[in-house]
Amino acid sequence: MASQPFTSQTMMIEKLSAFLRELMLHRRQLALYPEEHPQVKASILNTQSKLNELFRGQQDVTIDITPDALKYQQLWLDKKSPDHRNFAAILSALGLASITFKKGLNVPELGRFNQLLSSDPQKLEAAGGLRKLLEEQQVEHISVVPIDYSVFQSSQGSDAKKNPEAEKGKLWENFLQTLQGDRTKFEEGMVNFDLLELSELLNEKLGEEEDQDELAQLLDHFFEQNIEQGDIIQGGELAEGSFFSLLDQLEPEAKDFFFNSLLQALDRHPENASELLKKIPPQLIEEALANKSRQEMQISSRLFNLVNTLVNNSESLAAQGIRGTKKLPIEEVRSRLEIIFTEEQQDVFLPNTYQVALEQVLEDGFSKEFTINDKNDLEKQLENQTSENNMAAILFELLPGQQIEPEKLESIQRNLLDLTRFFLDCGDFVNLINIYRYWSEFIREHKLPTDFKEQVLALHTDELFRYEVLEGFDLWDKQLHQQLSDYICTVGQPYVEMVVPRLGSAPTWHLRKRWMAILEGIGQSGHQSILPYLDDQRWYLVRNLLVVLGKNTDPACIERVQQLRTHPHPKVRLEVMRILFTCDPVAANQQLLTELNSVKPEIRISALQVAGLSRDPSIVATLNGWLRQRPRTTAQLELQTQAIRALSRIGSIDTLAVFKRILSKRGLFVSKRTKQLQLEIIQNLMIFPGPQAEELLRKSSTGRLKRAADKALEKRA
């Protein structure tokens with residue numbers, strides 16, 4: 001089959017991923033429900049719908065299989081998608097090299113295929129393998145190709161001796177060298193790179209802080225060079241081999257990293273920013289913004305779509321909520337409870353607020369801009385809600401402010417237990433949060449019968465249940481990771497003992513950032529559980545835990561933190577000082593002065609990172625004294641540069657006299673290092689408080705320093 005255009009292949013990959021996602025969801029639901037259950041029927045119809053979209057314009061779709069990944073026409077499907085990995089693992093375990101879905105594949109065939117995949121692999125093999133069983137089950141529109149093991153003969157050739165890690169290292173090295181070159185060289189080099197391999201390598205490397213720092217510097221140079229030339233590589237297109245086609249392959253976190261570097265460079269060249277931004281493909285900008293929105297918004301996509309549709313068409317519906325605000329009459333409570341506990345009626349009930357919204361939307365003349373297609377889509381969204389979501393919404397509407405009759409409490413608890421397990425299996429962490437919050441509030445507000453044994457919160461904090469929740473980071477797509485983190489933070493302290501070990505063993509910066517963010521989200525309720533880990537022998541774990549504690553300082557922890565003032569690693573002591581500056585500045589200044597007087601330059605450099613928090617005269621005098629010496633070595637220049645930055649944040653009037661003396665040195669015999677210090681002072685006077693600093697900038701706005709001084713004055717304004 002001829003290779004399709006890049007954009008067309010990308011679209012096919014998206015359709016194929018959507019189909020596989022529905023197919024694997026249907027397989028999971030087959031394990032939860034009988035085949036005739038409405039959930040299973042609705043799921044298989046959704047799978048068929050995605051398959052029909054896939055077959056538009058072609059007769060069949062073939063997927064190549066590896067043990068942990070899938071490939072379509074030389075393009076890998078997202079290797080980190082749980083659905084893709086799961087599908088690949090199942091078929092690979094059955095000894096298959098590829099699978100083909102053919103046009104005409106219908107619902108009964110899809111159902112029988114998924115039933116076979118759910119069977120025991122050993123039983124499938126004993127019955128002749130999947131290929132034979134597909135024929136026997138009359139699944140005519142799915143064919144499979146077994147692995148030909150004859151091709152895996154031991155070889156003494158050079159191909160067998162290739163080192164994959166060495167190949168990856170060479171690719172990384174070539175990419176970095178190409179970035180250091182000019183734009184033409186980059187474009188030529190990109191043609192020789194396998195974009196998929198390079199993007200996978202970038203996704204991996206950007207998780208390591210050391211590689212991240214190196215790439216950040218090169219990207220800064222690369223963007224600066226191209227912006228000065230008034231162009232960005234192959235702007236506006238996603239042609240294969242272009243810079244932006246590489247960007248399109250990256251994961252959201254990696255894209256953010258690249259876009260941040262680009263936007264920082266554009267910020268330094270505002271005169272070119274407007275024109276150059278137009279050359280970035282719109283879909284990449286939209287995706288970056290969408291990713292940012294998903295991280296910041298804590299509502300489900302279904303609810304967001306509903307709200308977005310309604311807000312754009314009616315102010316009258318803007319005030320409608322998804323939970324009731326009025327206390328319901330006891331007769332209405334009984335009526336709704338009867339509906340909940342009547343199995344055959346679950347799938348026909350919608351919460352009252354949804355019903356009101358739907359009725360208003362479907363009224364004639366609701367809005368001239370609200371088309372019949374919009375109405376149909378909204379109605380379909382509401383009708384397709386699962387009975388579990390309906391039941392949860394009813395319970396959330398009933399619990400606040402209601403005194404539930406004792407005989408109903410056990411029934412409600414049983415339903416909440418079932419829903420908790422169901423939502424975990426489906427990855428619905430928004431509803432898990434709601435169950436935990438609503439039930440916690442209900443328990444807090446009402447006096448429960450003495451013989452009532454609470455089980456819902458006990459399940460949410462059960463060790464095995466928590467373990468399954470944390471596994472969700474590997475199981476679910478990254479779009480759900482923020483909701484998953486929010487749920488863990490909602491439950492809070494019980495997760496600390498499971499999160500801290502994961503933080504200590506996390507191999508990448510990205511994972512460490514995730515676990516630290518969760519611990520910060522748990523807040524002070526988890527601090528006492530963190531303290532025992534401060535005795536860990538791994539300095540980096542102790543440092544990271546101190547960063548967490550410092551984000552929300554708990555006075556009860558200060559005594560334990562102060563015990564680490566003598567920790568052998570300077571980065572741990574640095575975080576100790578950072579915390580102490582918020583609650584015990586006297587102790588912090590004593591510790592800082594000790595560090596600044598160390599004979600080891602690396603300890604002094606580390607201490608300077610928090611020196612800007614001090615207002616102690618002895619600290620200011622020490623740093624001013626450093627600047628009175630001529631920088632004779634690169635190490636001394638670095639020390640003085642960091643001192644200038646710290647002193648500018650402190651803002652002592654005594655420092656301005658020292659700055660003025662350094663800036664007054666002019667002429668041919670001024671050393672290169674002194675000139676670098678002068679430029680550093682000018683740039684930091686931008687943040688130095690007080691009118692005297694501005695006056696010093698104005699006096700320096702002559703000669704070689706004029707341009708830098710003018711920029712600093714402009715930013716102060």
Side-chain angles (χ1 to χ4, degrees), residues 14 17-18 20-21 24-25 28 68 77-86 199-200 202-209 212 249-260 287-305 420 422-437 460 465-492 494-496 498-523 526 544 548 551:
E14 292 176 355
S17 297
L20 291 175
R21 183 164 55 250
M24 298 310 290
L25 176 61
R28 288 196 292 270
D68 58 359
L77 277 67
D78 182 6
K79 290 186 177 181
K80 296 190 177 182
S81 164
D83 292 317
H84 298 166
R85 293 203 310 268
N86 197 6
S199 63
E200 290 175 352
L202 283 170
N203 290 329
E204 174 187 331
K205 290 287 188 179
L206 284 172
E208 299 295 337
E209 291 181 74
Q212 204 173 63
Q249 302 273 350
L250 297 180
E251 294 180 1
E253 290 84 356
K255 285 183 184 178
D256 288 345
F257 182 86
F258 273 71
F259 269 106
N260 286 339
E287 186 175 343
L289 293 175
N291 181 53
K292 190 68 174 174
S293 297
R294 280 195 299 267
Q295 294 171 357
E296 294 178 351
M297 299 184 69
Q298 300 179 4
I299 60 176
S300 68
S301 58
R302 180 192 60 77
L303 181 57
F304 176 79
N305 291 334
T420 295
F422 174 81
F423 290 138
L424 176 62
D425 291 340
C426 293
D428 188 344
F429 300 105
V430 172
N431 267 322
L432 277 180
I433 291 173
N434 287 332
I435 289 176
Y436 188 86
R437 284 180 174 168
H460 282 257
F465 187 85
R466 284 181 283 139
Y467 178 79
E468 291 184 60
V469 169
L470 290 169
E471 278 193 319
F473 286 110
D474 296 324
L475 178 64
W476 300 105
D477 290 340
K478 289 189 176 181
Q479 288 85 344
L480 290 177
H481 285 188
Q482 184 58 53
Q483 295 176 7
L484 174 51
S485 297
D486 292 343
Y487 168 69
I488 294 172
C489 293
T490 299
V491 178
Y495 276 93
V496 171
M498 304 184 80
V499 170
V500 172
R502 285 168 169 78
L503 171 61
S505 61
T508 66
W509 167 81
H510 169 69
L511 289 176
R512 291 192 290 273
K513 186 170 71 170
R514 171 207 290 168
W515 300 124
M516 289 174 69
I518 288 174
L519 291 174
E520 290 168 14
I522 291 173
N544 289 338
V548 171
K551 291 294 178 68

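Residue Thr490 holds its OG1 atom at 12.5 Å from CD1 of Ile435, rounded to the nearest 0.5 Å. Rounded to the nearest 0.5 angstrom, Leu484 CG and Asp428 CG are separated by 12.0 Å. To the nearest 0.5 angstrom, Asn434 atom CG is 9.0 Å from Phe423 atom CZ. Rounded to the nearest 0.5 angstrom, His84 NE2 and Arg21 CZ are separated by 7.5 Å.
In terms of heavy-atom proximity, Arg512 sits nearest to Leu503 at O-CD1, 3.7 Å. Scanning all heavy atoms of the two residues, the minimum distance from Leu77 to Ser17 falls at CD2-OG, 4.3 Å. In plain terms, the two heavy atoms of Thr420 and Phe465 that are nearest each other are CG2-CZ, 3.5 Å. For Phe473 against Ile488, the heavy-atom pair with the smallest separation is CE1-CD1, 3.8 Å.
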Audit row: Asn431, Phe422, side chain to side chain contact (heavy atoms under 4.5 Å, CB included) steps and yes/no: CA-CA 10 Å; Asn431 267 322; Phe422 174 81; over 6 Å; no

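When atom types are taken as modelled, the side chain of Arg85 and the backbone of Asp474 share a donor-acceptor pair closer than 3.5 angstrom. Put simply, the side chain of Arg466 never gets that close to the backbone of Met498: no donor and acceptor are under 3.5 Å apart.
Taking Glu14 as the reference, nothing meets the side chain to side chain donor-acceptor pair (under 3.5 Å) condition, with sequence neighbours excluded. Applying the salt bridge (Lys or Arg N to Asp or Glu O under 4.0 Å) rule to Arg514 yields no partners; only residues at least two apart in sequence or on another chain are considered. Annotation: side-chain contact (heavy atoms from CB on, under 4.5 Å) contacts of Leu480 (sequence neighbours excluded): Trp476, Gln483.
Between Trp515 and Asn544, every side-chain heavy-atom pair lies at or beyond the 4.5 Å cut-off. Within the 4.5 Å cutoff, the side chain of Tyr436 has no heavy atoms near those of the Ile433 side chain. Inter-residue side-chain proximity for Asp486 and Phe429 is flagged as unmet; no heavy-atom pair is nearer than 4.5 Å.
Relative orientation of the His460 and Tyr487 rings is tilted, given thresholds of 30° and 60° on the angle between their planes.
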